[in-house]
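Report on the structure given below.
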Number of protein chains: 2
Amino acid sequence: MQSITILGATGSIGTQTLDVVRANPDRYRAACLTTNRNIELLADQIAEFHPDLVVVREVRAAEELRRRNPGDVEILVGDEGLLRAATYPDVEVVMSAMVGFAGLVPTIAAIRAGKRIALANKETLVVAGELINCLLKDLGGSLIPVDSEHSAIFQCLAGESPSEIERIILTASGGPFRELPAEEFARITPERALKHPNWSMGPKITIDSATLMNKGLEVIEARWLFDTLPGQLSVVVHPQSIIHSMVEFIDGSVKAQLGLPDMRLPIQYALAYPERIANAHPRLSLSALGTLTFFEPDTGRFPALRLAYEALERMGTAPAILNAANEVAVAAFLDGTITFTDIPRLIERALAEIPVRDAPTLDDILEADTTTRRTVRSYTGC
Amino acid sequence: MQSITILGATGSIGTQTLDVVRANPDRYRAACLTTNRNIELLADQIAEFHPDLVVVREVRAAEELRRRNPGDVEILVGDEGLLRAATYPDVEVVMSAMVGFAGLVPTIAAIRAGKRIALANKETLVVAGELINCLLKDLGGSLIPVDSEHSAIFQCLAGESPSEIERIILTASGGPFRELPAEEFARITPERALKHPNWSMGPKITIDSATLMNKGLEVIEARWLFDTLPGQLSVVVHPQSIIHSMVEFIDGSVKAQLGLPDMRLPIQYALAYPERIANAHPRLSLSALGTLTFFEPDTGRFPALRLAYEALERMGTAPAILNAANEVAVAAFLDGTITFTDIPRLIERALAEIPVRDAPTLDDILEADTTTRRTVRSYTGC
């Protein structure tokens with residue numbers, strides 16, 4: 001029986017992690033659950049899973065939760081609460097599923113506390129990959145990716161030698177605007193951008209999928225997860241999202257991991273690794289699907305992917321600037337403050353204007369994040 | 001430096017094995033080469049690779065080879081020569097690449113002599129899978145598949161637990177008659193059947209690909225190579241031959257191995273395993289290919305696949321009968337004695353009429369082979 005902390009329990013990955021816990025009550029126990037402000041859902045989760053500890057963002061939310069009389073669960077608030085959940089003594093695995101940069105500090109705390117990390121939070125490795133890798137190496141810690149692409153790569157590398165990797169090929173659905181002419185991009189509304197063709201995900205990552213920044217962040221993440229050079233990381237657009245990613249080896253052999261788009265699979269893989277758990281999820285039938293297609297990504301219409309490669313080549317705090325600029329820009333787009341094409345434009349400007357610091361410490365990264373957010377907000381006038 | 005015996009050095013797999021030896025002179029040495037009767041090519045191979053021993057089928061061929069003054073190579077003849085090559089003292093790896101049932105006895109001899117087997121000869125496991133597996137288990141021997149499909153499955157299983165296999169999915173090109181209407185099958189000529197859309201192979205296996213018997217034999221082979229039940233083995237038609245085969249695990253995750261159709265890759269994988277050797281072969285580009293398609297196999301037009309499953313369910317000497325009937329029928333088709341649709345018809349009749357013996361010894365298998373050949377020849381009137 002493994003006790004789990006879920007950082008971001010009420011989000012898309014969090015609730016699907018609880019699906020896996022529900023389906024495997026003899027294997028997993030949800031010991032700590034955290035949410036930003038979804039008190040309603042958290043109260044339901046407390047009633048069903050009886051965690052030891054829950055954490056909410058604000059004091060008022062905690063008070064509201066207490067009024068609902070949730071039993072003897074401990075309720076904590078804010079960063080202190082998150083750190084407690086991330087380092088909770090009984091817990092073996094921390095599912096890091098908070099959205100955005102906010103996931104970084106609690107994930108580092110969990111690694112320092114010797115927890116095994118199931119990593120769904122992209123930004124942790126994007127902004128602090130080198131730092132995290134050093135920490136994992138020093139402490140002998142382990143981190144299993146949850147993103148379907150990185151889980152695919154991780155699975156393809158089972159039993160293989162990392163020195164025999166020639167190239168990692170991330171697949172991208174291409175998002176809802178894969179075939180949209182360039183001149184229509186400026187008129188894309190948040191409503192249209194929030195309709196992903198294959199995956200049901202949170203709003204931030206859905207917009208990132210529409211700009212292809214999601215794939216850019218994944219390229220940076222892959223660089224740290226699999227210790228590869230930027231030139232070894234490539235992207236192919238695969239609209240059906242059936243091949244979740246691939247690895248090409250030095251002999252030209254390519255291994256791929258395939259499946260129906262269902263995040264419960266990489267989630268349970270990360271929890272159960274190195275075992276696999278039998279389940280009754282629907283199975284992939286390639287003959288029922290009939291056709292898989294593949295295209296080169298178009299960095300003309302989707303400059304975010306190019307910007308991510310540039311930040312990866314530049315290194316230092318450049319990925320942190322890229323990420324913070326993207327978070328602010330996506331929020332401004334969802335608020336209706338900027339257009340869809342402004343998103344990469346603001347990121348490019350931030351990368352050009354904000355000084356990059358090399359070999360950054362955690363404080364340097366936090367500062368780059370804060371500076372970038374302030375700067376990009378000033379661009380948007382918010 | 002590894003010394004290799006190539007049983008069937010002048011065939012398609014044999015010559016491509018020598019391509020790999022040629023490309024890796026610091027790793028591999030061709031110590032023993034055998035051929036049925038292709039003296040011309042064998043003489044060239046002697047001049048280039050300086051083997052210690054060569055073996056030809058007939059005394060007259062050996063005499064002709066000696067007249068060509070090939071230097072100080074030892075020249076042996078017939079079964080005795082094959083056994084000597086299969087068990088040659090210096091040799092570590094035996095590439096078993098003879099065509100048909102004839103490969104069985106020398107392969108068994110090589111296993112008994114403690115050689116590692118690179119297995120390209122399908123019939124060995126088809127007719128004697130249980131026996132071979134017992135032998136490998138008793139002697140702690142190892143056998144690496146060379147068929148692109150089984151190499152793919154073997155690669156997908158690296159780092160995975162065999163008990164977590166749910167299903168093995170062999171891909172089939174569907175052959176040149178994938179889209180041919182049923183009523184035209186009786187008029188298929190050997191010339192048309194010998195034109196495979198993706199792979200350049202020997203005539204026997206090319207006809208087997210056209211009838212889908214090749215896939216049926218591979219299903220039986222997979223049953224023994226990966227210790228699975230017949231119900232765990234499925235076939236999907238994939239005309240591009242890019243996905244070489246797949247494994248579905250108990251959690252629904254599917255792993256696939258992909259590559260351009262080039263037998264040098266599985267050959268060098270089998271020789272180098274568990275390492276991979278860097279090479280400059282052309283690389284797969286899915287975006288350049290654009291589309292991969294998948295279909296259910298049609299056992300109405302291709303009854304050979306159904307017959308193979310029936311022989312696998314029946315077990316005992318049934319696969320040996322299937323195989324011998326197929327070898328005789330394919331030879332008769334190539335001679336122009338029977339039609340394309342007669343091939344599965346004769347096999348079905350042989351399976352229905354020839355008694356099956358359970359838990360067969362090697363002698364039982366040899367006898368089933370002899371009996372079946374005689375019987376099926378009597379059907380064709382040859």
Side-chain angles (χ1 to χ4, degrees), chain A residues 151-152 155-161 163-167 169 171 234-238 240 242-244 246 248-260 262 264-266 268-269 272 274-297, chain B residues 151-152 155-161 163-167 169 171 234-238 240 242-244 246 248-260 262 264-266 268-269 272 274-297:
Chain A
S151 178
Q155 291 181 55
C156 289
L157 289 174
E160 301 285 349
S161 163
S163 65
E164 293 175 349
I165 299 173
E166 182 161 294
R167 193 164 60 110
I169 306 152
T171 52
S234 65
V235 173
V236 66
V237 174
H238 167 46
Q240 297 81 22
I242 294 298
I243 296 186
H244 295 319
M246 294 171 268
E248 182 177 278
F249 296 93
I250 54 168
D251 57 0
S253 180
V254 175
K255 276 165 79 170
Q257 188 266 336
L258 298 77
L260 295 171
D262 184 338
R264 292 174 301 172
L265 173 56
Q268 76 163 44
Y269 183 83
E275 278 181 70
R276 293 180 180 273
I277 307 176
N279 62 36
H281 302 173
R283 293 301 192 242
L284 175 64
S285 165
L286 286 175
S287 59
L289 283 167
T291 304
L292 302 180
T293 59
F294 306 90
F295 306 90
E296 284 297 307
Chain B
S151 178
Q155 291 181 55
C156 289
L157 289 174
E160 302 285 349
S161 163
S163 64
E164 293 175 348
I165 299 173
E166 182 161 295
R167 193 164 61 109
I169 305 153
T171 52
S234 66
V235 172
V236 65
V237 174
H238 167 46
Q240 297 81 22
I242 294 299
I243 296 186
H244 295 320
M246 293 171 268
E248 182 177 278
F249 296 94
I250 54 168
D251 57 0
S253 180
V254 175
K255 277 165 77 172
Q257 189 266 339
L258 298 77
L260 295 171
D262 184 339
R264 291 173 302 171
L265 173 56
Q268 76 163 45
Y269 183 84
E275 277 181 70
R276 292 181 180 273
I277 307 175
N279 61 37
H281 302 172
R283 292 301 191 244
L284 175 64
S285 165
L286 285 175
S287 59
L289 284 167
T291 304
L292 302 180
T293 58
F294 305 90
F295 306 89
E296 284 297 307

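Every chain is numbered from 1 and lettered A, B, ... according to where its sequence line falls, protein lines coming before strand lines.
The greatest number of non-hydrogen atom pairs below 4.5 Å with chain B, out of A280(A), G259(A), A256(A), S151(A), is found for A256(A). Counting heavy-atom pairs closer than 4.5 Å to chain B, the top-ranked of the candidates I250(A), L265(A), I169(A), T291(A) is I250(A). Annotation: maximal heavy-atom pairing with chain B below 4.5 Å, among E275(A), R264(A), H244(A), occurs at E275(A). Most heavy-atom pairs under 4.5 Å with chain B, from the set S161(A), A158(A), P266(A), P274(A): that is A158(A). Between chain B and the residues Y269(A), F249(A), F295(A), the largest count of heavy-atom pairs under 4.5 Å involves F249(A). Chain B forms the most heavy-atom pairs under 4.5 Å with one residue out of H281(A), R167(A), Q257(A), Q268(A), and that residue is Q257(A).
Contact annotation: the side chain of L286(A) never approaches that of H238(B) to less than 4.5 Å [non-hydrogen atoms, C-beta and beyond].
Looking at E160(B), the atoms closer than 4.5 Å to chain A (heavy atoms on both sides) all sit in the side chain, from C-beta outward.
Minimum interatomic distance between V236(B) and S287(A) (heavy atoms only, all atoms of both residues): CG2-CB, 4.0 Å.
Atom CZ in R276(A) sits 11.0 Å away from atom OG in S163(B) (nearest 0.5 Å). Taken from OG in S253(A) to CG in L284(B), the straight-line distance is 10.0 Å, to the nearest 0.5 Å. Separation of atoms CG (L292(A)) and CD1 (I242(B)) is listed at 12.5 Å; rounding is to 0.5 Å.
Without hydrogens or angle criteria, N279(B) side chain to D251(A) main chain gives a donor-acceptor distance under 3.5 Å.
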